[in-house]
Amino acid sequence: MDHSFLFLPHAVLHTQNGRVAIVMGGARGMGYETARHLASLGMHVVIAGNSEEEGLQAVKKIHEEGSEGKVEFLFLGLCSLKSVRQFVHRFKARALTLHIPVNNACIMLVSEGKTEDSFELHFGLNYLGHFLLTNLLLDKLKRSGRHDACSRVVTMSSATHYVGILNMEDLHGRSCYSELGAYSQSKLSVVLFTYHLQEKLTAGGFPVTSKAVDPVMVDTDLYNKLCIPAPAAKKPVAKMLFRIPAEGASTAILAATASQLEGVGGCYFYNGERTESADITYDHNVRAERWKQSCALVVLRNTSAMESTLQHLISSNISPPPQRQF
């Protein structure tokens, strides 16, 4: 397959035969483009999503393209922690390895609402669902990675994280709900999670890296609430300002597969380049507090000992937090 779609001429993408990826929200938009191109590189791709019909259609379409890799669908509802755990159970029962989870599924600028577990929708789906899923899959990732071919966690963030405000006392925005505020906080939490996860992995010496990526503005269903005078104006506006989904997916594919990024983690990628994220994301204490809080919210146990070890290593300058080096 021609990989010129990536619009990243500096990227070196080798075949990925034998590697396994899960693409959350892989049935449409950027998720679909990510899934089909990972499959074209020879990966075994599991499309995870909450619509079996859309998922099976995506699998069929990728197979019809003559993709070199195997593609299948598994149900996953990120708005339910129970569904996340059920997905992990089903995936592990398949006795597959796992090298690359792409945390792509997302909602944006939706009206105030709650997940099945009573979390604010943006915070619950964009962040907590992926947080729990990644943690429950870490054992697979650690066993599958090698120090010359690391497993890679790729999580979608957004430039809105720069204006995100963390309110540890009001995670759900109940005192003053804002759609943009809820979305930007969820994407800021993603970057904090990405960096703190890398600290933990580095401290343990595990062959796994964690990266956050910003796809830039992409013409997908997420922008159906674009504030313009008439819905009919969306298409020309999108054509002028937005990227197509294949272009938006390119940075995630780069982070997941590019040879020059082997062993690189704890960083933020924008438009295919490593970029400095918001100042607050470099504060270890803030990252650690959000991690601890998230573990409690999703009832993720057995983390106290790991956190204590990480704190000791960092205080001893054995495993420093991510630095702003580009």
- Message: Can you give me the closest heavy-atom contact between Phe269 and Lys211, atom names plus distance?
- Response: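 Heavy-atom minimum between the residues: CE1-CD, 3.8 Å.
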- What are the two closest non-hydrogen atoms of Ser157 and Ala212, and how far apart are they?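 Taking every non-hydrogen atom into account, CB-CB, 4.5 Å.
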- Could you tell me which residues satisfy salt bridge (charged side-chain N to carboxylate O under 4.0 Å, His left out) with Arg152, sequence neighbours excluded, listed by chain and number?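 Per chain and number, Arg152 pairs via salt bridge (charged side-chain N to carboxylate O under 4.0 Å, His left out) with Glu262.
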- Please list, chain by chain and in numerical order, all residues satisfying salt bridge (charged side-chain N to carboxylate O under 4.0 Å, His left out) with Glu289, sequence neighbours excluded.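 Salt bridge (charged side-chain N to carboxylate O under 4.0 Å, His left out) list for Glu289, sorted by chain: empty.
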- Message: So that I can tick it off, tell me whether Arg28 and Glu54 are bridged by a salt bridge, with the cut-off set at under 4.0 angstrom between side-chain N and carboxylate O.
- Response: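 Judged by the 4.0 Å cut-off on N to carboxylate O distance, Glu54 and Arg28 do form a salt bridge.
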- Glu65/Arg36 salt bridge by N-O under 4.0 Å criterion: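 Judged by the 4.0 Å cut-off on N to carboxylate O distance, Arg36 and Glu65 do form a salt bridge.
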- Item | Other residues, nucleotides, ligands: >12 heavy atoms within 6.0 Å of Ile165 CD1 |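 Counting other residues, nucleotides and ligands, CD1 of Ile165 stays at 12 neighbours or fewer.
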- Message: Would you say that more than 12 heavy atoms from the other residues, nucleotides or ligands in this model lie under 6.0 Å from the CD of Gln293, or not?
- Response: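 Yes, CD of Gln293 has more than 12 neighbouring heavy atoms, counting only those of other groups under 6.0 Å.
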- For Leu201, the option from Leu138, Thr209, Val153 that meets side chain to side chain contact (heavy atoms under 4.5 Å, CB included):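 The option that passes is Leu138.
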- Sole residue of His37, Gln16, Glu68 in side chain to side chain contact (heavy atoms under 4.5 Å, CB included) with Met43: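 The single option meeting the side chain to side chain contact (heavy atoms under 4.5 Å, CB included) with Met43 is Gln16.
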- For Phe131, enumerate each residue passing the ring pair (Phe, Tyr, Trp, His ring centres under 6.0 Å) test, keeping only those at least two apart in sequence or located in another chain.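 Residues passing ring pair (Phe, Tyr, Trp, His ring centres under 6.0 Å) with Phe131: Tyr127, Phe193, Trp291.
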- Message: Evaluate Asp214 against Tyr268 for side-chain hydrogen bond (donor to acceptor under 3.5 Å, both in side chains), listing each step before the verdict.
- Response: CA-CA 8 Å; Asp214 179 354; Tyr268 182 82; 3.1 Å; yes
- Side-chain touch Arg85/Leu132, heavy atoms, less than 4.5 angstrom: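 SC-SC contact between Arg85 and Leu132 confirmed.
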Can a donor-acceptor pair be found, under 3.5 Å and without considering hydrogens, that links the side chain of [X] to the backbone of [Y]?
X	Y	value
Thr202	Gln198	yes
Thr251	Gly272	yes
Ser277	Thr281	no
Thr15	Asn17	no

- Task: Provide the full list of salt bridge (Lys or Arg N to Asp or Glu O under 4.0 Å) pairs with a residue in residues 123-132, sequence neighbours left out, each pair given once.
- Result: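 Those involving residues 123-132 do not exist here.
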- Query: Does the side-chain hydrogen bond (donor to acceptor under 3.5 Å, both in side chains) test come out yes or no for Glu116 and Ser80, once each step is laid out?
  - Reply: CA-CA 5 Å; Glu116 181 179 294; Ser80 163; 3.0 Å; yes
- Message: Assess the residue pair Glu199 and His284 against the criterion (side-chain hydrogen bond (donor to acceptor under 3.5 Å, both in side chains)); give the C-alpha distance rounded to whole Å, side-chain angles, the decisive distance to 0.1 Å, and a yes or no.
- Response: CA-CA 9 Å; Glu199 284 189 52; His284 166 75; 3.1 Å; yes
Could you list the donor-acceptor pairs under 3.5 angstrom formed by side chains in residues 87-99, with sequence neighbours left out?
{"residue": "Arg90", "atom": "NH2", "partner": "Phe75", "partner atom": "O", "Å": "2.5"}
{"residue": "Lys92", "atom": "NZ", "partner": "Leu136", "partner atom": "O", "Å": "2.9"}
{"residue": "Lys92", "atom": "NZ", "partner": "Asp139", "partner atom": "OD1", "Å": "3.1"}
{"residue": "Lys92", "atom": "NZ", "partner": "Asp139", "partner atom": "OD2", "Å": "3.0"}
{"residue": "Arg94", "atom": "NE", "partner": "Glu72", "partner atom": "OE1", "Å": "3.2"}
{"residue": "Arg94", "atom": "NH2", "partner": "Glu72", "partner atom": "OE1", "Å": "2.6"}
{"residue": "Arg94", "atom": "NH2", "partner": "Glu72", "partner atom": "OE2", "Å": "3.3"}
{"residue": "His99", "atom": "ND1", "partner": "Val20", "partner atom": "N", "Å": "3.0"}

- Under a 4.5 Å side-chain heavy-atom rule over Ile, Leu, Val, Met, Phe, Trp and Tyr, are Ile280 and Val163 clustered together?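 Ile280 and Val163: separate clusters.
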- Pairs satisfying side-chain hydrogen bond (donor to acceptor under 3.5 Å, both in side chains), at least one member in residues 100-110, at least two apart: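 The answer is Asn103-Thr134, Asn103-Thr155.
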